[in-house]
2 protein chains.
Amino acid sequence: MAFSERVSRLKSSLIREILAAAQRPEVMSFAGGLPAESMLPAMDWSALPASIGQYGMSEGEPALREAIAAEARALGVPCEASQVLIVSGSQQTLDLAAKLFIDPGTEVLLEAPTYLAALQAFQLFGADCIGVPQEADGPELGALREALETRKPAFAYLIPTFQNPSAVRYSEAKRDAVAALLDEFQVTLIEDEPYRELTFDGGSATPIVTRLKKTSWIYTGTVSKTLLPGLRVGFLIATPDLYPHLLRLKQSADLHTNRIGQWQALQWLGSEQYRAHLVELRSFYRTRRDAMQAALEEHFGDLASWEVPQGGLFYWLKLHRPLDTRTLLNPALAQNVAFMPGEPFFIDPEANPGYLRLNFSHVAPERLSEGLRRLAGVIREAQAAEAA
Amino acid sequence: MAFSERVSRLKSSLIREILAAAQRPEVMSFAGGLPAESMLPAMDWSALPASIGQYGMSEGEPALREAIAAEARALGVPCEASQVLIVSGSQQTLDLAAKLFIDPGTEVLLEAPTYLAALQAFQLFGADCIGVPQEADGPELGALREALETRKPAFAYLIPTFQNPSAVRYSEAKRDAVAALLDEFQVTLIEDEPYRELTFDGGSATPIVTRLKKTSWIYTGTVSKTLLPGLRVGFLIATPDLYPHLLRLKQSADLHTNRIGQWQALQWLGSEQYRAHLVELRSFYRTRRDAMQAALEEHFGDLASWEVPQGGLFYWLKLHRPLDTRTLLNPALAQNVAFMPGEPFFIDPEANPGYLRLNFSHVAPERLSEGLRRLAGVIREAQAAEAA
């Protein structure tokens, strides 16, 4: 069987395997990024028009595109509905962007760490990935400038608001600095914001694309983290030089995004009901974040350091005594605990041992402390074995 | 802006432009492949479980995969549910197959003519497409053998049952012969069957994949032509050597297919209600096919030749005096008539002038004759101008 060269770069997905293992009901899973089941809003389908069953436009439903453009403009993103492309979850934006920009050997710039599935999507198409170290308030600017001066990335892929996995929210100053650098070197920005609405301290900062003056950009979001991931409805907004190509790539990928989910998303976006749901959601996740913080202090105080996330769905722990956290997976699963090792979030996993990503939205509070106690025990045992 | 090499192969989609023009209500459109609005079945959502809003599995919903495997086995396709991958419309199968097999220069084998969007999807990834002439009962076997002997296609993409655009249904003999040849040369078969259920004479022939003994295959279908295209739910069934790669490519493309549409499709597949709907649908389209035949005899009898389609959604006309039918588009649209020129369905459009694809499912019967009268007039005028 002669497969494409691409397939040799198709990695076995650690996430898939962990999530599959975590399906067992007895498993306490800190692994995924799933919304809490109890916070999935009830769907009302009674007004769904029969005509929505017909083929639709590759761009997406006109009314939904208008609603998304209006929300984006309220954030300061300069755009019209004609720049909005509805996608089948924001994962599809990564696929379309990879197709648009990446040949084997094309350089792309990413945060280190970055979103695992983005790294995989870009590497699948043969990207040569350049990492810029992430600090508590955003990327290390010296390293960013150096990368832009010495390399020729086709785009920078950034998650400036409650990044997955690091939970970092860029400061205002870093947002301005990053925008100025990308403008200076004319590098396209892909800004991924699935977690923007999941803020716990009320703080907000406008997207980096609102601060760009010259360079091209794609801004992407989704209803998966705030509404219903099962709808598979996301969006991208792109500058007019990129949009027509992305549209044709979308058409070739799946003709158009399912219209049933688009219709449901439109019932929520911009509505009073949605605003109320978001208030409730933030409060619910803030409580879970706080419970996780208390349990972490109890069980991980001497093992790791971390920042308290001000939004999103994850804690990002750095072990005081680094080890390859992938080796902890099987012992943890044997104790019915699942988590995400940190290594796969880096371009060079071997050079970055000792991080763990822990989700706090999904595990029920009454099992939280027990789960973290077991995980801490697994780590202590591994460290003891290594020292012996 | 540095795009990928791929983007230089991204053609402006004639179909997109024609369909956009055909949106105007005054246009009589023979262009698309849209189901008749009146035949879209009513959807009942009352039993939709709330949990379906959560993330799902990349493979698709287990119950739907079981139902599809059962239907396929009833057709003679040897498969288990574990070989079924739910896709976001069968267009996505083309994208996944292109990613799995095609590097720039990879040879692939297609019918001539073939489905335009498949040709575009494969060419986007850089395929070197080899065409085998289509006859009334399937591919020309001598040409097929010669192509297999002299070239090294990564796969053969075939639409053996009511092909788009030619409406050809392979005979039993050709199905056997094609299967034997693909086995002999160990070439993977991608068999695309969106139209299988839309049969007007009750005739059926088992898929070619049921006749293969050795080589790998992907069998793909959809609910778009029989149920609701707006759901964007299709499927592929693949041999176990291909499946794991396709699954990972699916995950990288959009994580999973929307679960709302999968749930709705499951309510229908295998049900008595679905069987009754299919009976009604066949009868409805048979009537439209017959009305089209009468109108074609009236207006095109001296202009073109064609076979009466025994299924599917299209007539495929061959003009007695060939001309580039793309030049007819604007004059036809000026008279509020849309159709699909035949040239883009061929690997070498310039070498294949004089075909038209006419859809018979979508235009209301009372406008049919008038639409064809105008289209025939446009052709006569163009031929007269050419002769002058």
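Keep in mind that this is a model prediction, so the values were computed, not measured.
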Can you name the closest pair of heavy atoms from B:I260 and A:M43 and give their distance?
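The pair with the smallest heavy-atom distance is CD1-SD, 4.0 Å.
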Heavy-atom distances under 4.5 Å only: say whether A:L96 touches chain B with side chain, backbone, both or neither.
neither
Flag, side chain of B:R259 to backbone of A:G230, donor-acceptor distance under 3.5 Å
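No, because the side chain of B:R259 does not come within donor-acceptor range (under 3.5 Å) of the backbone of A:G230.
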Taking all non-hydrogen atoms of both residues, which atom of B:Q54 and which atom of A:P229 are closest, and how far apart?
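For B:Q54 and A:P229, the tightest heavy-atom pair comes out as OE1-CG, 3.7 Å.
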What residue in B:Q92, B:Q262, B:E37 has the most heavy-atom pairs under 4.5 Å with chain A?
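Most heavy-atom pairs within the cutoff with chain A belong to B:E37.
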Non-hydrogen atoms of B:K99 and A:D95 that approach each other most closely
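The answer is NZ-OD1, 2.7 Å.
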Atom group of B:A117 that falls short of 4.5 Å from chain A, counting heavy atoms:
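When you check distances to chain A, no heavy atom of B:A117 falls under 4.5 Å.
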In terms of heavy-atom pairs under 4.5 Å with chain B, which of A:L228, A:L255, A:T93 leads?
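Ranked by heavy-atom pairs under 4.5 Å with chain B, first place is A:L255.
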B:T257 side chain reached by A:N258 side chain, heavy atoms, under 4.5 Å:
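No; the side chains remain at least 4.5 Å from each other.
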Answer whether the closest heavy-atom distance between the side chains of A:I102 and B:S4 falls below 4.5 Å.
no
Of all the heavy-atom pairs spanning B:D241 and A:F3, show the shortest one and how long it is.
O-CZ, 4.1 Å
Which heavy atom of B:Q91 sits nearest to which heavy atom of A:S252, and what is that distance?
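Minimum heavy-atom separation between B:Q91 and A:S252: NE2-O, 2.9 Å.
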Do you know which of B:H256, B:Q264, B:E5 has the most heavy-atom pairs under 4.5 Å to chain A?
B:H256
